[in-house]
Amino acid sequence: MGHSNIKKIFCESTLQTAEDLLGCILVKETKDGAAAGRIVETEAYTGPEDRAAHSYGGRRTKRTEIMFHAPGHVYTFEMHTHCLVNVVTAPEGRPEAVLIRALEPVDGIDLMRTRRNRQKDIELTNGPGKLTKALGITMEDYGRHFSEKPLYIIPGQNPAEISSGPRIGIENTGEARDYPYRFWETGNRFVSK
DNA sequence: TGAATGATGAACT
DNA sequence: GTTCATCATTCAG
């Protein structure tokens with residue numbers, strides 16, 4: 001499967017997008033410079049029927065509003081002290097999204113080390129809250145589009161093999177807990193778990 | 001207006 | 001394995 005057109009990937013089914021984003025490059029440009037990483041782990045959240053999704057039951061609030069918009073928009077939200085970043089998927093009006101859970105650093109690694117307080121390199125981007133801090137992704141990015149600067153996604157090298165399994169941190173969501181909606185590049189050491 | 005709740009990460013034992 | 005920092009969002013009242 002080719003990655004010749006990133007906008008096309010946004011418009012696939014959410015599960016397909018979650019797989020096809022693996023290998024793509026996430027870039028954030030700020031006044032301090034650019035930082036980029038290869039996406040190696042994602043999770044799909046499939047809207048009103050998915051108890052683990054913020055948009056479960058069609059919940060349309062200030063927070064979830066952007067999920068109802070066109071594919072490719074940026075959905076950021078805060079939990080505890082962290083910001084997490086999602087790619088909006090599915091046609092306009094269908095509130096689905098893909099969470100970016102882990103990156104393999106590609107560019108701006110010194111900047112990432114500074115932002116992450118000089119953690120070990122393996123710890124820079126191997127989790128959803130870690131990678132947003134490393135790249136400087138914040139709530140300022142909410143509602144932007146991943147086809148435009150300063151936060152965008154470009155094609156990269158496809159994984160040789162993809163693994164899947166249950167999503168992380170959604171123990172209290174009934175049957176949705178076990179859906180195999182988490183995808184990662186098999187064997188990549190930057191995967192969160 | 002208040003209280004419960006996390007799609008987490010870090011630091012522990 | 002466990003605890004907890006820490007706060008916007010959400011919903012009950």
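Sequence lines set the chain letters: A, B, ... in the order given, protein chains first and strands last, and positions in each chain run from 1.
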Look at all strands and tell whether [X] reaches a base, only sugar-phosphate, or nothing, counting heavy atoms closer than 4.0 Å.
X: A:T173; result: nothing
X: A:I170; result: sugar-phosphate
X: A:R167; result: nothing
X: A:E43; result: nothing

Separation of [N] [atom2] from [X] [atom1] (nearest whole Å):
X: A:E65; N: C:dT10; atom1: CD; atom2: P; result: 11 Å
X: A:H80; N: B:dA4; atom1: NE2; atom2: C1'; result: 12 Å
X: A:N172; N: B:dT8; atom1: CG; atom2: P; result: 13 Å
X: A:Y56; N: B:dA7; atom1: OH; atom2: C1'; result: 16 Å
X: A:M67; N: C:dT9; atom1: CE; atom2: P; result: 15 Å
X: A:Q119; N: B:dA10; atom1: CD; atom2: P; result: 5 Å
X: A:E123; N: B:dG9; atom1: CD; atom2: P; result: 10 Å
X: A:I168; N: B:dT8; atom1: CD1; atom2: C1'; result: 12 Å

So that I can tick it off, tell me whether A:D141 and A:K28 are bridged by a salt bridge, with the cut-off set at under 4.0 angstrom between side-chain N and carboxylate O.
yes

Side-chain ion pair, A:E41 and A:R167, N-O less than 4.0 Å
no

Do any side-chain nitrogens or oxygens of [X] fall under 4.0 Å of OP1 or OP2 in [N]?
X: A:R63; N: C:dT10; result: yes
X: A:T81; N: C:dA5; result: no
X: A:R59; N: C:dT9; result: no

Can you tell me which nucleotide in [options] comes closest to the side chain of [X]?
X: A:R116; options: B:dG9, B:dA7, C:dT10; value: B:dG9
X: A:E78; options: C:dT10, B:dT8, C:dA8; value: C:dA8
X: A:K130; options: B:dG9, B:dA7, C:dT10; value: B:dG9
X: A:L84; options: C:dA8, B:dG6, B:dA7; value: B:dA7

Counting only heavy atoms from other residues, nucleotides and ligands, does the tally under 6.0 Å from CD of A:E140 exceed 12?
no

How long is the straight-line distance from [atom2] of [Y] back to [atom1] of [X], given to the nearest 0.5 Å?
X: A:L124; Y: A:R115; atom1: CG; atom2: CZ; answer: 11.5 Å
X: A:T138; Y: A:E78; atom1: OG1; atom2: CD; answer: 8.5 Å
X: A:D50; Y: A:Y45; atom1: CG; atom2: OH; answer: 7.5 Å

Identified pairing partner of B:dA7, criterion: Watson-Crick or G-U wobble below 3.5 Å:
none

Any strand: nucleotide that pairs with B:dG2 via Watson-Crick or wobble, under 3.5 Å
C:dC11

First encountered from the 5' end of DNA chain C, between A:M139 and A:H82:
A:H82

Ring-base stacking, A:F77 with B:dA7 (5.5 Å, 30° cut-offs):
no

Looking at the base of B:dA7, is there any donor atom on it, or on the side chain of A:H54, that sits under 3.5 Å from an acceptor on the other one?
yes

